[in-house]
There are 2 protein chains.
Amino acid sequence: MRPSPYERHRELLQEAVRALAAGECRRPFTEATGQDAAEAGMRSTRTAGKVFGSLLGRPFDLDQPGELGRVATESSPYGTGTYGMGIGYPRCDPAALVAAAGRAAAGWRAAGPYQRAGLAVEILRRLNTRSHELALAVHHTTGQPPEAAFRAAGPRAQDRALEAVAHAFAESARVPADLSWESPRRRGQPPAMRGTCTLVPRGVSLLIGCPDYPLWNGYPGLFASLVTGNPVIVAPHPRSVLPLAITVRVARQVLAEAGHAPDIVTLAVAEPEERLHRRLATDPAVRIVDFTGSARFADWLEQHARQATVFANRTGLNTVIVDSTENYRGLVRGLARSLCLCSGTFRTTPQNILVPTTGIVTDEGHRSLRDFGADIREAVDRLLGHPARVTRLLGAITGNEVRAALAQAAQYGAVLSASRPLHHPDHPGADLRSPLLVRLGARDERIYAREWPGPVSFLVGTDSTSHSLALFRSTVVRHGAPYAAVHSTDPLVLAVAESAALDAGVHLVQNLADDFPADPSSAGADLPAAGAHFVTGRFRVVRSRRRVEPVAPAAVPAPILMAKPARVPVPDVGSATELLDV
Amino acid sequence: MRPSPYERHRELLQEAVRALAAGECRRPFTEATGQDAAEAGMRSTRTAGKVFGSLLGRPFDLDQPGELGRVATESSPYGTGTYGMGIGYPRCDPAALVAAAGRAAAGWRAAGPYQRAGLAVEILRRLNTRSHELALAVHHTTGQPPEAAFRAAGPRAQDRALEAVAHAFAESARVPADLSWESPRRRGQPPAMRGTCTLVPRGVSLLIGCPDYPLWNGYPGLFASLVTGNPVIVAPHPRSVLPLAITVRVARQVLAEAGHAPDIVTLAVAEPEERLHRRLATDPAVRIVDFTGSARFADWLEQHARQATVFANRTGLNTVIVDSTENYRGLVRGLARSLCLCSGTFRTTPQNILVPTTGIVTDEGHRSLRDFGADIREAVDRLLGHPARVTRLLGAITGNEVRAALAQAAQYGAVLSASRPLHHPDHPGADLRSPLLVRLGARDERIYAREWPGPVSFLVGTDSTSHSLALFRSTVVRHGAPYAAVHSTDPLVLAVAESAALDAGVHLVQNLADDFPADPSSAGADLPAAGAHFVTGRFRVVRSRRRVEPVAPAAVPAPILMAKPARVPVPDVGSATELLDV
């Protein structure tokens, strides 16, 4: 007999749960890749290229209900032929997708957390073997350079997903299956009542894909919802459908092979004018919405998707506070590299760099604000001085809003480093731009306190580091941000920055020159800043109870609906406590 | 040196956490009372009566900021003198209370979950010694008879609060304090990075008190917010202020003694026309709102308190499905007792009793719907046939809306058991009414599918038990309910009822004639139906990290803000996993 999905991945899951509880940030998929990609079953780059090529200009079949036609919305900034990418995705009636998810929900709920977590890992394992193909899909739809696309689509994204799986599994398995009551009047005697405690998933979950990091930002919500028992409708951004479409196809295959309804995961696409995301987000049956992106649409969702729990990850104002450093060269190089890496259409740029106008103390002596700006520009120029590095670092721009932002931002202050077009040796049509760095004053808050798309950064001169910290606190508490960074040799500054980051609820990195948590190149695969709520908000717990009849137990049948799988036998691994002890 | 609050209550807390994880519903406060109330430090009824009497007709001092005057809104349905209760509570500027809570937040966050949980248990211990006094406060402000008031205000309410404390403590302690990353390129070597993981409370929490079970329904949210680090503003219902006012006073004393700002817990009262609840619930600084009551106000809160996480416990349509029984006499007696117990102003009445018009199969033979109605009426009459039982069972009506509902509901169908005024031997002014039971048809959905206050119940004739189950599912999925009950000897019926209860997200009791989860007389002290989300939704987790510098560790100071207490030393009890192993 085949082992159950849980049994097959038990070791990996339990290790992930243990590491999570211990605060150890493990990356099993990344580590396996580093050791031996072939051993991990990963297809070679060449095979992946062939598979990717075979997808272009064809219909992408998923065999979903309610199919109305085909829709093709993608085009590669690197060019992939006469008609863009030309992949025709099934355009399905949104009502049919919601209804199909609703029908699939009961079986998925009944499968229980063990089987669901096992199948989620199985999906990740299969995705892992297609990492290069997914990277190509991200490269061509987001404009990310190949290496960055591999980080954002491959093992690191799978590790991030695994963290969500482990978290959701641990919180689900923690719900005790059986309840017992002891009557105070009959101590020592058998409990007077028995009951069950059942995890009830919220309902249909909607993942709204983002255009720059469709997998990196999409996987945590997708897998957290699946493991907690919610069917998921995946609605990608029209500009980047393929990475999520491949993911959905793999998930449907794994589910169908395990005897489940494939409609537990479906793909929803439409022509942009159909406003599909808004239509689905406000469907009464949709009870969970995951979204990463602009505060504007996040606000819209929270205002209108009232029937759902909205997990909105606002991109916001990424901020770097520079006070002093013992590694000036590293700081400048790291910042320059970040500015270049966050080019193209990404919203991960360190947008606001707050520095005292009096300059900073460094291991290379005092540096004025002017020196600092000039050093960053020089480092950017040096990085982009060689065509090989240009193609490795810079992303291609996929949308006009980035071009408009670059033109507009340059008018607001002294341009320290101009954004100029750069040539891609292999793809002459690709629109590459060097990052823009503009000097602003602290009073220009109306400019830097709004979110700018693409490689737009501001060097903001402040009165002092205290002033920088105050600005950081006030702007980020109001507008949010996925991360912040601080550079200082002064423990007090670091402590105050940490306190401000806690108030704003943003992740903070200290004295790490080239490490940004929002970027997949970061060492930490951080979940969105929500903690356990990110998974526990996806289910409720319902208790049911009955008296234990010592005389006629036959009259009280065991409840039929339990968190045990209906089809695949699952080993009894005991309670959540036991699980965490392994 | 005095032991820390956590150390003092460590055993009780760890046992509560263990029992919670194991699904054992323990009730340490109730059990202690059963054994020896004096040993538990509980004041006698006589002392409590004196203390209660000394509160009447006087100002109730709390020494809170922003005091503008006094407000007295309570009156006892049992009468306590010429001027009602006449207790003058401090009316404080809501803005001042919010500001004071905001100021107190930083210290409370820094105290960390161990100290907070210890202090929460300390508050419960003190409240436990005043159980009789709290019961009198509930008796006089809600109209509940003394015994029921003791159940709703005393050890059982404290046990329910302890469950919330244990849940919040376990989820908080589970957040790993320290993070480590292992670089894949340097396996076996020390981690390349270190970080901290900090629980960040959401902000000011608002508890909106309910008029019928102010403590029973108020404690879970109050204590869950406190333990997860959120200051709480307690805003009672104007009709029942005293029970929560005493609670707030005790909490402030315990906090002040431990060196904390007492404004971590404050009381907010106002004249009803000031619409204080709405003002506070929409304050930008209020980030959590707890409410138990009508779906109407719950909807209002979810629509308008957009800046906050709203935990709304809708009272809804409590439903009993009767199919068949092996204990007909017990079922009839239990139902009659529940109808009487849920009299007065309570919203816990089993409102809709769904029974096939063809009758039910019982151990006493077939009983028609008419028989069943007559038997319930007879049992109610027998129960209320003796004045001593009347005063023990029936609550006094405190509001005109109940009187109006009783008059209105009687017009919609055949009255099976009329609501009549009953005499209270000791309190001639008390308005006691026997429960109303009206027969309706399944098609009268517009009547029984809305929530009725007070002792209004409908015996709804259905086509069959399948029809009952379908009605249960459709009405409760739409309108919610705290609980449902099913009576059947058929395992299939029980299984379908369980499945419907899961879909609706309501707690279900099976074949338990006189046990309703929403009522404190129930054997199970159930948390509101939210699961872990009820506590994890009250905080976020923020990660911070830095490189481990092997050469110059002095340059990287330890972060100052950690989840360790600032004042009271706390023993190192290790990680959450370790905690759960005890």
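All values reported here derive from a predicted model rather than from experimental measurement. Note on naming: letters A, B, ... go to the chains in the order of the sequence lines (proteins, then strands), and numbering restarts at 1 for each one.
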Colleague: Identify the two heavy atoms, one from B:V542 and one from A:V506, that lie closest to each other, and give their separation to 0.1 Å.
Modeller: CG1-O, 3.0 Å
Colleague: Check the pair B:T196 / A:E498 against side-chain hydrogen bond (donor to acceptor under 3.5 Å, both in side chains), numbers first and verdict last.
Modeller: CA-CA 10 Å; B:T196 50; A:E498 189 149 26; 3.2 Å; yes
Colleague: For B:P176 and A:A22, which heavy atoms make the closest approach, and how far apart are they?
Modeller: CB-C, 4.0 Å
Colleague: Which pair of non-hydrogen atoms, one from B:A532 and one from A:E171, has the smallest distance, and what is that distance?
Modeller: CB-OE1, 4.1 Å
Colleague: Provide the closest heavy-atom pair for A:Q510 versus B:S544 in the form atom of the first, atom of the second, distance.
Modeller: NE2-OG, 3.0 Å
Colleague: Under the side chain to side chain donor-acceptor pair (under 3.5 Å) test, which residues partner B:E302, sequence neighbours left out?
Modeller: B:R314
Colleague: Looking at A:R540 and B:L502, what are the two nearest heavy atoms and their distance?
Modeller: NH2-O, 4.5 Å
